[in-house]
Amino acid sequence: MYLKILQRFLPSFRGRTMSVSIKSEKEIARMREAGKILSEVHDRLSEIIQPGITTKELDRRATEWIRSYGCTPSFLNYNGFPASLCTSINEEVIHGIPSKKRVLKEGDIISIDAGVIYQGYHSDAARTHAVGQISPEAKKLIAATKQSFFEGIKFARAGCHLFEISAAVEDYIVANGFSCVRDYVGHGVGAKLHEEPEVPNFHQSRRGMKLVSGMTLAIEPMVNIGKPDVYVLENDWTVVTEDHTLSAHYENTVLITEGEPEILSLQA
């Protein structure tokens with residue numbers, strides 16, 4: 001089920017004893033600041049996404065902004081990844097590599113995944129954007145992917161079980177006529193970019209671990225218009241839909257509490 005997670009960007013934790021980090025108040029404060037900064041970077045990127053801009057320029061701007069906040073880009077050189085952003089266009093699901101040759105055009109959709117490190121702690125978040133005017137189906141895909149995250153986090157609170165999040169995400173996506181990518185999943189996040197536990201976006205046969213206040217999760221639905229099947233391009237990074245239909249991605253870093261979850265990478 002998690003075969004492709006064995007690749008460099010999303011390592012697998014299968015076969016190991018589960019060890020989930022519960023964050024202290026000091027650690028949470030650092031992650032909260034990392035999330036705030038990342039949210040601002042995403043907001044600034046959304047203002048410059050338009051036909052004619054290259055993904056390399058988006059990456060250059062993001063790197064500059066992240067460093068201006070006194071942070072380090074989480075993705076840059078992570079297991080060899082060559083950029084600060086993952087810029088995935090249309091049928092590209094995740095891990096698109098920024099390039100001077102990739103020029104956004106009217107009607108595209110682009111998923112931007114980014115992370116920042118603030119005083120040793122990560123925040124991780126992704127957004128999918130329209131480039132100019134897009135098709136009604138593409139609009140529906142982007143909206144459903146985002147809403148599936150919010151359906152999932154209704155169960156992201158102490159006392160609930162991890163895979164209740166997974167089931168709620170998939171139920172919403174399927175009800176809207178789309179499919180959830182099954183080869184890649186969300187994850188814990190904190191002092192490391194990828195920590196335990198894995199957070200699938202689809203039903204599991206078990207309930208999963210009971211959630212505890214102080215856990216921090218990167219919950220990230222990856223949704224296709226067509227079938228859930230994907231493959232990796234020859235660059236060994238970029239994941240695309242097997243049927244070449246559109247894909248969208250929405251992610252936030254979430255703090256588990258006794259009550260409502262706190263979305264660290266989304267500012268009110």
Can we say R102 and E92 salt-bridge, meaning some charged N sits less than 4.0 Å from an Asp/Glu carboxylate O?
yes
Would you give the length of the straight line joining atom OH of Y250 to atom CD1 of I219, rounded to the nearest 0.5 angstrom?
11.5 Å
Verify the cluster assignment for Y118 and M31: are they in a single hydrophobic cluster under the rule of side-chain heavy atoms below 4.5 Å apart?
no
Intermediate values then yes/no, side chain to side chain contact (heavy atoms under 4.5 Å, CB included), I109 and I134:
CA-CA 8 Å; I109 66 172; I134 61 174; 4.0 Å; yes
Presence of salt bridge, E64 and R61, under 4.0 angstrom:
no
Centroid-to-centroid, H249 to F149, below 6.0 Å?
no
Ion pair present between E40 and R44, side-chain N to carboxylate O less than 4.0 angstrom?
no
Hey, is K154 close enough to E151 for a salt bridge, meaning N to O under 4.0 Å?
yes
Linked, directly or transitively: I112 and V116 (ILVMFWY side chains, under 4.5 Å):
yes
With side chain to side chain contact (heavy atoms under 4.5 Å, CB included) as the test, would you mind laying out the steps for N224 and D229 before giving the verdict?
CA-CA 9 Å; N224 298 345; D229 307 287; over 6 Å; no
Roughly how far apart are L85 CG and T63 OG1, rounded to 0.5 Å?
6.5 Å
Neighbour count >12 (heavy atoms, 6.0 Å) for atom CD, Q119
yes
Heavy-atom closest contact (N201 atom, E220 atom, distance)
ND2-O, 3.1 Å
Looking only at non-hydrogen atoms, find the nearest pair between L58 and L45 and report the distance.
O-CD2, 3.7 Å
Is there a side-chain hydrogen bond (donor to acceptor under 3.5 Å, both in side chains) between H122 and S74? Walk through the geometry before answering.
CA-CA 7 Å; H122 295 263; S74 295; 2.8 Å; yes
To check you understand the geometry: which heavy-atom pair defines the closest contact between S247 and S111, and what is its length?
O-OG, 4.1 Å
Quick one: closest heavy-atom pair of I97 and F81, and the distance?
CG1-CE1, 3.9 Å
Which heavy atom of F75 sits nearest a heavy atom of D113, and at what distance?
CE1-O, 3.2 Å
Has S166 got a side-chain atom pairing as donor or acceptor with P200's backbone, closer than 3.5 angstrom?
yes
So how far is it from T238 OG1 to I94 CD1, rounded to the nearest 0.5 Å?
9.5 Å
Could you go step by step and tell me if H203 and D171 meet the side-chain hydrogen bond (donor to acceptor under 3.5 Å, both in side chains) rule?
CA-CA 8 Å; H203 279 265; D171 285 347; 2.7 Å; yes
Within this structure, what is the OG1-CG distance for the pair T245 and N90, rounded to the nearest 0.5 Å?
10.5 Å
Going by side chain to side chain donor-acceptor pair (under 3.5 Å), Y121 matches just one of K23, K26, E27, R30. Which one?
E27
Angle class for the H187/H194 ring planes (parallel below 30°, perpendicular above 60°, tilted otherwise)?
perpendicular
Salt bridge or not between E262 and R32? Use side-chain N to carboxylate O under 4.0 Å.
yes
Using a strict threshold of under 4.0 Å (side-chain N to carboxylate O), is an ion pair present between E260 and R157?
yes
Provide the closest heavy-atom pair for A130 versus I49 in the form atom of the first, atom of the second, distance.
O-CG2, 4.1 Å
